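It should be emphasised that the depicted structure is a prediction, and the values quoted were computed from it without experimental measurement. Note that ligands are numbered from 1 as they come in the structure, with each ligand's atoms numbered from 1 the same way. Index from 1, following the sequence.
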Amino acid sequence: MTEKKAILKVEGRDDLELPILTPTLGRDEIDVSSLTANGLFTFDPGFTSTASCESKITYIDGEVGKLLHRGYSIEELAAKSDYLEVCYLLLNGELPNAEQKEAFVGTVKNHTMVHEQIRNFFNGFRRDAHPMAIMCGVVGALSAFYHDSLDITNPEHREITAYRLIAKMPTIAAMCYKYGLGQPLMYPRNDLGYAENFLHMMFGNPCEETQVSPTLARAMDKIFILHADHEQNASTSTVRLAGSSGANPFACIAAGISALWGPAHGGANEAVLNMLDEIGDISQIETYIAKAKDKNDPFKLMGFGHRVYKNYDPRATVMRESCHEVLNELGVNDPKLELAMKLEEIALSDPYFKEKKLFPNVDFYSGIILKAIGIPTSMFTVIFALSRTVGWVAHWNEMISNPYKIGRPRQLYTGEKERHLVPLNERK
Ligand code: CMC
């Protein structure tokens, strides 16, 4: 932080000096928090220019397409690490040594089962409910279970909450899928790795031993890493906002899941595959590009564009490579990959997409890999939620561990001025 200052000139008022904050990486930020005391607010719908908090967890440089977790690039983490190591890093700030990793993995494994009563919640849902709807409800219900660790001011309680969430999300995600199928809900197997166990619970059944392909488990683990955190996105900001009132952390995560669900955020992975289905064939690409450019048509090219990235999303680059690897290793020839690559090529050479700096984002290729793994489309966003839980809990914990205020934005009121109520019998 430096001593630089901005001067705010407002007609009819004295000049205001506002401190400029300098981050370790990224743009300078004008600290406007003193404006309230000086009778002014700022107006920034959608928070396009507003930093809502200070954070040490994740850094994105959208202009060059860079994503760092605790200083490590996503490319390096995806190539040389695994998901639980990334979880440890996000939560603790450093990569674990061998001993710390063993202890962390062991603790996560101790918490993979959910309370038997949780199973009863599933029976309240229709079998054809969207798995995200079930997940919102069931994760919210976790807030009724852990009365031993309800003190959010206690760091140990927060730590155990993080362990529980990371450990139980794969179990709950797989239960959401199995419930829809009408198959028995599977118990976790703690002799398996994190991604391997998730695939076991998704595709296994109690009648026979599951053999999980190491190729698929590796691909799944990479997908978890690529979605683990993304600084102050809509769902993470939702978790922070809910948490800022002192709410139960499981309820806060359920709020994050709800925010993630929309097609402009985590729901885009499902929407990309639906869009590729709708386009159907390379010959139709031009028609859909024209629709995406038409201001009067609500159609958007799903998996394209990002609030922060004005360059290729680095997660999309890793996902694209991984997509080729997985399809090659599985010997799958999915025409959707060819369609997606052609769509990308045509969109990237189109002046509309170039001028607006619309590039493929993480969701553009993830659906194709998930489909190759055998995951149904309706489960894509559930897998995003599972992966992002560590990011949500790391941000929640960072907020609660430091001085914070309840999140309470202001508004630009454009409604009626004060007026008097006319009695009902006199109203026209
Ligand atoms: N197809 C066509 N036009 C687009 C697209 C798109 N996918 N995305 C943005 N635009 C246009 C938009 O119409 C606007 O045009 P104009 O300036 O003429 O009004 C301009 O580009 C700027 O877009 P915006 O919607 O104002 O930008 P935003 O920062 O508010 O929205 C976004 C970002 C991700 C919501 C948006 O790009 C979008 O809806 N993309 C498709 C959904 C998607 O893939 N979402 C996943 C995001 S990555 C996963 C995650 O982290 O959640």
Student: I want to know if ligand 1 touches F384 in the polar sense, i.e. an N/O pair below 3.5 angstrom.
Tutor: no
Student: Just jot down the ligand 1 atoms closer than 4.0 angstrom to any heavy atom of R307, in number order.
Tutor: 28 (P), 29 (O), 30 (O), 33 (C)
Student: I'd like to check which ligand 1 atoms, numbered from 1 as shown, lie under 4.0 Å from a non-hydrogen atom of K295.
Tutor: 16 (P), 18 (O), 19 (O)
Student: F353 versus ligand 1: do any nitrogen or oxygen atoms come within less than 3.5 Å of each other?
Tutor: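 F353 vs ligand 1: no N/O contact under 3.5 Å.
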Student: Contact between L16 and L40 at the side-chain level, heavy atoms closer than 4.5 Å - yes or no?
Tutor: yes
Student: Below 3.5 Å, N or O to N or O, backbone or side chain included: is there any such pair between L301 and ligand 1?
Tutor: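 Looking only at distances, the answer is yes, because the N/O contact criterion of under 3.5 Å is met.
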Student: For atom 36 (C) of ligand 1, what's the nearest protein heavy atom and its distance?
Tutor: K300 NZ, 4.1 Å
Student: Taking the cut-offs as 6.0 angstrom to the six-membered ring centre and 45 degrees off its axis, would you call R119 and Y187 a cation-pi pair?
Tutor: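 Yes; both conditions hold, so R119 lies above the ring face of Y187.
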Student: Search all heavy atoms of V139 against all heavy atoms of A254 and return the closest pair with its distance.
Tutor: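 Taking every non-hydrogen atom into account, CG1-N, 4.1 Å.
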Student: Which label fits Y309 and H230: parallel for a plane angle under 30°, tilted from 30 to 60°, or perpendicular past 60°?
Tutor: tilted
Student: State the NE2-OH distance between H111 and Y163, to the nearest 0.5 angstrom.
Tutor: 8.0 Å
Student: List the closest protein heavy-atom neighbour of atom 50 (C) of ligand 1: residue, atom name, distance to the nearest 0.1 Å.
Tutor: H265 ND1, 3.6 Å
Student: Measure from atom 24 (P) of ligand 1 to the protein's non-hydrogen atoms and state whether any distance is below 4.0 Å.
Tutor: no
Student: With the side chain counted from C-beta on, respond yes when I368 and L327 share a heavy-atom pair under 4.5 Å apart, and no when they do not.
Tutor: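 Counting from C-beta outward, I368 and L327 do come under 4.5 Å.
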Student: Looking at A268, which atoms of ligand 1 are within less than 4.0 Å of one of its heavy atoms?
Tutor: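 Listed by number with element: 43 (C), 44 (O), 45 (N), 46 (C).
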Student: Distance from S143 atom OG to I253 atom CD1, nearest 0.5 Å?
Tutor: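 Here the rounded value is 11.5 Å.
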Student: Decide if the gap between the ring center of Y179 and the ring center of F125 is smaller than 6.0 angstrom.
Tutor: no
Student: Under a heavy-atom criterion of less than 4.0 Å, does L358 contact ligand 1?
Tutor: yes
Student: Quick one: does Y352 get within less than 4.0 Å of ligand 1, heavy atoms only?
Tutor: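 Judged by the 4.0 Å heavy-atom criterion, Y352 does count as contacting ligand 1.
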Student: Which ligand 1 atoms are under 4.0 Å away from a heavy-atom of D363?
Tutor: 46 (C), 48 (S), 49 (C)
Student: Of all the atoms in ligand 1, which lie at a distance below 4.0 Å from a heavy atom belonging to G303?
Tutor: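 Once the distances to G303 are compared, the set is 43 (C), 44 (O).
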Student: Among protein heavy atoms, which sits nearest to atom 42 (C) of ligand 1, and what does the distance come to when rounded to 0.1 Å?
Tutor: M302 CE, 3.4 Å
Student: Mark the output for P263 as yes if a heavy-atom distance to ligand 1 is under 4.0 Å, and as no if none is.
Tutor: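 Yes, P263 has a heavy atom closer than 4.0 Å to ligand 1.
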Student: Locate the shortest heavy-atom distance separating G256 from V239; write the atom from each residue and the value.
Tutor: CA-CG2, 3.6 Å
Student: Less than 4.0 Å from atom 31 (O) of ligand 1, is there any heavy atom belonging to the protein?
Tutor: no
Student: Side chains of L77 and L89, heavy atoms from C-beta outward: is any pair under 4.5 Å?
Tutor: yes
Student: Short check: is a protein heavy atom less than 4.0 Å from atom 27 (O) of ligand 1?
Tutor: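 Within 4.0 Å: no protein heavy atom nearby.
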Student: Work out whether the distance between some heavy atom of K293 and some atom of ligand 1 is less than 4.0 Å.
Tutor: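 Judged by the 4.0 Å heavy-atom criterion, K293 does not count as contacting ligand 1.
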Student: Shortest non-hydrogen contact from Q232 to S237?
Tutor: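 That closest heavy-atom pairing would be O-OG, 3.0 Å.
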Student: For atom 51 (O) of ligand 1, what is the closest protein heavy atom, and at what distance to 0.1 Å?
Tutor: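 Minimum-distance protein heavy atom for atom 51 (O) of ligand 1 reads H306 NE2, 3.7 Å.
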Student: Is it the side chain, the backbone, both or neither of K356 that has a heavy atom closer than 4.0 Å to ligand 1?
Tutor: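 For K356, the contact with ligand 1 is made by the side chain alone.
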Student: Less than 4.5 Å apart, any side-chain heavy atom of L142 and any of I172?
Tutor: yes
